[in-house]
Engineer: 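Dropping a structure here in structure tokens format, bear with me for questions.
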Amino acid sequence: MNPSTLKPSHTHPSLLLPAPSPLRTQRRRFRVSLPRCSSDTNNPASSSSPPQRPPKELNGIEILVDKLSSPARLATSAVIVAGAVAAGYGLGSRFGGSRNAALGGAVALGAAGGAAAYALNAAAPQVAAVNLHNYVAGFDDPSILTREDIEVIANKYGVSKQDEAFKAEICDIYSEFVSSVIPPGGEELKGDEVDKIVNFKSSLGLDDPDAAAVHMEIGRKLFRQRLEVGDREGGVEQRRAFQKLIYVSNIVFGDASSFLLPWKRVFKVTESQVEVAIRDNAQRLYASKLKSVGRDFDLGKLVTLKETQSLCRLSDELAENLFREHARKLVEENISVALGILKSRTRAVPGVSQVVEEIEKVLAFNDLLISFKNHSDIDRLARGVGPVSLVGGEYDADRKIEDLKLLYRAYVSDALSSGRMEDNKFAALNQLKNIFGLGKREAEAILLDITRKVYRKRLGQTVSSGELEMADSKAAFLQNLCDELHFDPQKASELHEEIYRQKLQQCVADGELTDENVAALLKLRVMLCVPQQTVEAAHAEICGNLFEKIVKDAIASGVDGYDDETKKSVRKAAHGLRLTKETALSIASKAVRKMFITYVKRSRSAKGNGESAKELKKLIAFNTLVVTKLVEDIKGESPDVKIEEPKIEEPEEIRESEEYEWESLQTLKKTRPDKELVEKMGKPGQTEITLKDDLPEKDRADLYKTFLTYCLTGDVVRIPFGVEIKKKKDDTEYIYLNQLGGILGLTGKVIMDVHRGLAEQAFRKQAEVLLADGQLTKARVEQLGKMQKEIGLSQEYAQKIIKNITTTKMAAAIETAVTQGKLNMKQIRELKESNVDLDSMVSVSLRETIFKKTVGDIFSSGTGEFDEEEVYEKIPLDLNINKEKARGVVCELAQNRLSNSLIQAVALLRQRNHKGVVSSLNNLLACDKAVPSQTLSWEVSEELSDLYTIYLKSDPSPEKLSRLQYLLGINDSTAAALRDSEDSLLETAEEEK
């Protein structure tokens with residue numbers, strides 16, 4: 001027999017050999033039970049326990065292994081191997097007939113027996129896994145599975161929990177449990193998921209890396225399903241389930257989750273997405289715990305909430321926001337109930353008490369939270385404990401603030417319903433203002449409005465009962481009343497003033513105050529402690545308004561309408577309303593000045609000086625015929641009383657220095673009429689009401705000047721053919737001018753300046769014609785003096801005008817002469833000797849031009865002289881220019897003229913103009929004297945010698961000749977030869993003679 005037939009075939013494996021298991025691959029895959037979708041939430045049992053696990057059945061060799069205990073299985077394995085070896089040895093001996101054949105048969109059958117024994121033992125972990133599966137399948141709640149149960153099954157079959165098949169079953173059980181504990185996407189976490197998972201993981205004896213791998217596998221399934229879901233709602237649910245898995249898994253593994261759970265690497269999510277998943281689930285879990293607490297907070301519950309926050313891994317900031325939001329919602333419930341009652345159309349009186357009761361609940365809840373905030377162990381309490389605020393909630397909107405104001409007003413009304421404000425109620429109002437988020441002004445306005453009404457009601461009761469009148473101290477009584485209501489005494493004083501004003505308006509309803517009215521007002525003023533200043537202000541305003549209306553009616557009646565009836569009404573109002581003369585005049589002044597301004601506007605808008613003056617005459621007539629009578633009636637004066645001409649008071653020194661001008665200026669003198677003219681014109685107008693404070697002084701002076709010009713020119717009448725005829729004018733217009741000055745409120749100095757200005761203007765025009773050529777002769781002086789006397793201008797101002805005219809004419813002539821180059825230093829010095837102010841007539845630039853021209857003349861004079869003192873000192877002094885700047889001008893001119901003089905001398909030499917050569921060489925020496933120069937260079941030396949020879953013939957001084965020799969660069973030997981040649985030429989000439 002061939003021993004090879006005893007080996008197992010690869011194509012037909014033995015039934016005893018175990019089939020290759022997929023669990024032996026390097027990457028383990030676990031069966032995962034996914035979380036239920038939202039449709040499964042209808043079944044209550046599905047949210048508390050995993051789905052029922054169907055039992056598994058054993059087959060083949062697994063049934064045999066299940067029947068044998070671990071020792072029996074080992075003994076059976078040994079018997080199989082031993083029997084196979086023995087049978088093989090026997091068969092080999094029998095059929096082989098040799099020892100080697102026997103040994104070969106023993107080896108072959110022993111190997112087959114070993115394979116059978118191995119298959120028997122290798123099936124043990126799978127059998128143990130099936131038994132564990134069936135064991136757990138028999139439990140309604142797999143969480144009752146303990147570590148001991150698993151060890152009993154493992155020991156029964158002699159397997160280790162690290163065997164792949166057994167470990168895979170444990171992971172499957174853990175996966176199904178985790179998937180069942182974490183709620184689906186549509187449900188929220190309950191908070192016990194982490195504890196359940198941690199305890200179950202400990203019961204299974206599962207290591208963190210293996211458990212983390214299960215969590216990651218669950219995540220893969222959820223992630224894959226999210227991609228496969230077709231609808232948006234399903235995708236959202238899967239995403240939320242994935243976020244809950246991340247949150248729960250991170251808490252389960254704690255700090256080790258950073259490397260055990262590679263969410264970012266496996267699922268390509270960012271750190272922020274992981275943080276958002278953890279944060280959102282922590283917030284929802286903490287919020288669910290807050291909902292279970294309600295409004296009945298105590299110390300234990302707050303400590304529990306703090307612990308829950310730590311377990312949820314929620315930051316202090318978010319926990320604080322959630323707690324405040326929860327407290328705000330609780331308060332909003334009370335507010336909504338209170339508003340519903342307050343706005344109910346069928347609300348009765350008990351409804352108000354219900355509204356107050358709801359607000360009291362809010363305040364009590366707020367006080368409770370404040371007390372916890374001040375607790376010594378605040379760090380152990382939930383974050384966010386403190387005063388309640390509606391900011392960020394339903395009532396944090398502009399359209400809701402009015403509802404909160406209604407509630408605040410209702411609570412204030414209830415607090416003051418007894419007629420007094422208790423201290424605890426006042427403190428509660430401050431808290432309620434902070435809770436509602438009302439502004440300080442809004443809350444104070446509501447409180448003030450209601451308190452004013454209550455105070456006024458209490459005040460009326462005390463007055464009616466006589467309690468206030470009998471009080472020894474009215475101020476103390478009123479202060480006590482303010483203290484009871486927490487009412488500001490200043491506001492109370494304002495209310496007293498309002499009451500007094502109302503009483504005053506009732507009293508003056510018929511247009512005057514009787515003695516009974518005055519007594520009643522005095523009594524009310526004493527009881528309410530109204531200050532005298534306030535009383536006067538009230539009378540000035542209320543009575544003043546009535547009086548102002550009467551005054552306006554009187555003014556509106558016009559010049560012809562101020563009759564006896566109007567006079568009577570004015571006198572009755574002025575005295576019947578008990579106004580002082582000063583107050584009545586002040587009120588009348590406002591209305592009168594408005595009319596004055598109207599006339600002034602008409603005058604300004606009029607065309608031509610004559611029309612403007614006519615409007616001003618209407619103003620004067622209105623003042624005389626209406627305003628003057630109005631002032632008399634207000635003062636109670638008789639029309640027969642003589643009114644003196646107004647005198648304009650001026651300081652003593654002004655009166656003494658300018659009094660003579662009132663007599664010299666003719667127009668000014670005419671404003672002081674004689675007695676006959678005064679009697680003819682009648683009484684002057686009043687000057688107590690003026691435009692002094694309504695118009696600037698310049699505008700008032702312009703109006704006065706306009707009328708003064710009219711007085712000088714008179715009316716102009718136009719007749720056909722374009723001819724104008726001036727009407728004859730008299731001095732009555734100057735009387736009106738004087739009255740206009742009083743109406744305008746002009747001082748004597750301003751009036752004098754206006755008259756003097758016109759006089760100067762007239763004198764200037766005539767003098768300019770007379771002095772057109774700028775020459776002031778004796779005859780012209782006499783004529784100007786005559787003109788001055790006719791106009792009445794003082795000698796001082798006349799001389800200023802004459803000097804100004806002559807100076808201006810002379811300045812123009814001098815400037816023209818300078819521009820044309822006709823003015824030299826000799827003429828300038830003659831003008832200065834004649835006291836002509838050249839500095840004001842000639843500008844600095846022109847004076848510098850004169851200096852430059854003068855220096856240029858010196859350098860081109862041909863004398864060869866240069867006086868440094870004259871040029872550097874005297875001429876700048878006479879021209880009043882800067883000496884240093886003048887020295888710079890001299891240096892610049894000298895340097896430029898030096899080389900030009902040499903060139904000019906050579907040019908004249910070539911023209912054989914010996915006289916011009918000598919003059920140019922002298923100019924050269926003058927420039928050198930001003931600015932010493934170095935030896936000059938020239939290309940043709942013979943021409944320099946000829947220049948020297950010609951200059952030598954002019955019989956110059958030795959100093960000039962020596963300096964010229966240096967400048968021309970001629971040495972001594974050449975100079976001597978030139979002189980000798982000159983001498984020989986002279987001797988020859990004499991001999992020839």
Side-chain angles (χ1 to χ4, degrees), residues 586 589-624 627 645-655 657-662 664-672 684-714 733-765 767-768 791-794 796-798 800-801 804:
S586 176
S589 175
K590 294 179 182 179
V592 169
R593 284 186 284 115
K594 287 182 180 179
M595 287 298 299
F596 283 172
I597 293 295
T598 302
Y599 283 109
V600 169
K601 290 181 179 179
R602 292 176 183 173
S603 174
R604 287 176 174 176
S605 60
K607 296 180 180 180
N609 189 73
E611 296 297 327
S612 178
K614 289 180 180 179
E615 293 296 332
L616 292 177
K617 288 181 71 173
K618 293 179 181 179
L619 168 63
I620 297 168
F622 173 74
N623 179 67
T624 303
V627 180
E645 185 72 19
K647 295 182 179 180
I648 301 173
E649 295 294 333
E650 297 289 345
E652 186 67 27
E653 59 271 13
I654 295 178
R655 291 200 302 269
S657 61
E658 299 183 354
E659 180 65 27
Y660 69 92
E661 290 201 45
W662 285 90
S664 62
L665 288 171
Q666 296 300 318
T667 57
L668 193 59
K669 183 179 180 181
K670 291 178 181 179
T671 59
R672 293 181 172 181
Q686 63 83 34
T687 56
E688 296 185 41
I689 302 176
T690 68
L691 293 174
K692 181 179 180 181
D693 299 327
D694 297 274
L695 295 175
E697 184 179 276
K698 183 179 181 302
D699 294 347
R700 291 183 281 129
D702 289 343
L703 291 171
Y704 187 87
K705 184 178 179 180
T706 299
F707 199 82
L708 176 57
T709 304
Y710 170 76
C711 294
L712 293 172
T713 59
E733 301 294 342
Y734 289 96
I735 303 299
Y736 296 145
L737 179 65
N738 185 26
Q739 295 180 7
L740 179 63
I743 296 172
L744 296 175
L746 294 175
T747 61
K749 183 178 182 304
V750 175
I751 293 175
M752 186 182 300
D753 290 341
V754 174
H755 283 266
R756 185 193 301 127
L758 282 179
E760 289 178 358
Q761 183 178 352
F763 183 78
R764 182 184 297 276
K765 287 181 179 180
E768 284 178 350
I791 295 176
L793 189 64
S794 65
E796 177 187 359
Y797 291 101
K800 286 182 180 180
I801 294 172
N804 187 19

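Residue numbers run from 1 in the order of the sequence given. The basis for the numbers below is simple: all heavy atoms, side chains too, and nothing from hydrogens, waters or symmetry mates.
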Engineer: How many angstroms lie between CE in Met595 and CG in Leu619, if you round to the nearest 0.5 Å?
Structural biologist: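 Going from the CE atom of Met595 to the CG atom of Leu619 covers 9.5 Å.
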Engineer: May I ask you to test the Tyr704-Leu744 pair for a side-chain heavy-atom distance under 4.5 Å?
Structural biologist: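 Tyr704 reaches Leu744 side chain to side chain.
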Engineer: Does any part of the side chain of Leu703, heavy atoms only, come nearer than 4.5 Å to the side chain of Ser603, both counted from C-beta?
Structural biologist: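 Of all side-chain heavy-atom pairs linking Leu703 with Ser603, at least one is under 4.5 Å.
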Engineer: Taking the side chain as every heavy atom from C-beta outward, state whether Gln739 and Thr624 have any pair of such atoms under 4.5 Å apart.
Structural biologist: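 Of all side-chain heavy-atom pairs linking Thr624 with Gln739, at least one is under 4.5 Å.
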Engineer: Given side chains that start at C-beta, do those of Tyr710 and Leu616 come closer than 4.5 Å, heavy atoms only?
Structural biologist: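 No, side chains not in contact.
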Engineer: Tell me, please, which residues at least two apart from Lys607 pass side chain to side chain donor-acceptor pair (under 3.5 Å).
Structural biologist: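 Side chain to side chain donor-acceptor pair (under 3.5 Å) check on Lys607 returns nothing, list empty.
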Engineer: Any pair with a residue in residues 700-712 that passes salt bridge (charged side-chain N to carboxylate O under 4.0 Å, His left out), sequence neighbours left out, goes on the list, sorted by first then second residue, please.
Structural biologist: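 Only Lys698-Asp702 qualify under salt bridge (charged side-chain N to carboxylate O under 4.0 Å, His left out).
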Engineer: Could you report the tightest heavy-atom contact between Val750 and Ala701, atom names first, then the distance?
Structural biologist: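 Looking at all heavy atoms of both residues, the closest pair is CG1-CB, 4.1 Å.
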Engineer: Not counting sequence neighbours, which residues clear salt bridge (Lys or Arg N to Asp or Glu O under 4.0 Å) with Lys692? List them please.
Structural biologist: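 In terms of salt bridge (Lys or Arg N to Asp or Glu O under 4.0 Å), with neighbours along the sequence ignored, Lys692 is linked to no residue.
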Engineer: Nearest 0.5 Å, what's the CD1-CG distance between Ile743 and Asn623?
Structural biologist: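 Those atoms lie 3.5 Å apart.
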Engineer: For the residue pair Arg593 and Ile689, what are the closest heavy atoms and their distance?
Structural biologist: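 Closest approach of Arg593 to Ile689, heavy atoms only: CG-CG2, 3.8 Å.
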Engineer: Name the orientation class of the two ring planes belonging to Tyr599 and Phe622 (parallel below 30°, tilted from 30 to 60°, perpendicular beyond 60°).
Structural biologist: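 The arrangement is tilted - the two ring planes meet at 30° to 60°.
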Engineer: Among residues at least two apart in sequence or on other chains, which ones pass salt bridge (Lys or Arg N to Asp or Glu O under 4.0 Å) with Arg604?
Structural biologist: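 Residues passing salt bridge (Lys or Arg N to Asp or Glu O under 4.0 Å) with Arg604: Asp699.
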Engineer: How would you list, by chain and number, every residue that makes a side-chain contact (heavy atoms from CB on, under 4.5 Å) with Lys601, sequence neighbours excluded?
Structural biologist: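 Scan of Lys601 (side-chain contact (heavy atoms from CB on, under 4.5 Å), adjacent residues dropped) gives Ile597.
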Engineer: Could you list the residues that satisfy side-chain contact (heavy atoms from CB on, under 4.5 Å) with Ala606, not counting sequence neighbours?
Structural biologist: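 Partners of Ala606 by the side-chain contact (heavy atoms from CB on, under 4.5 Å) criterion, ordered by chain and then number, come out as Glu611, Ser612.
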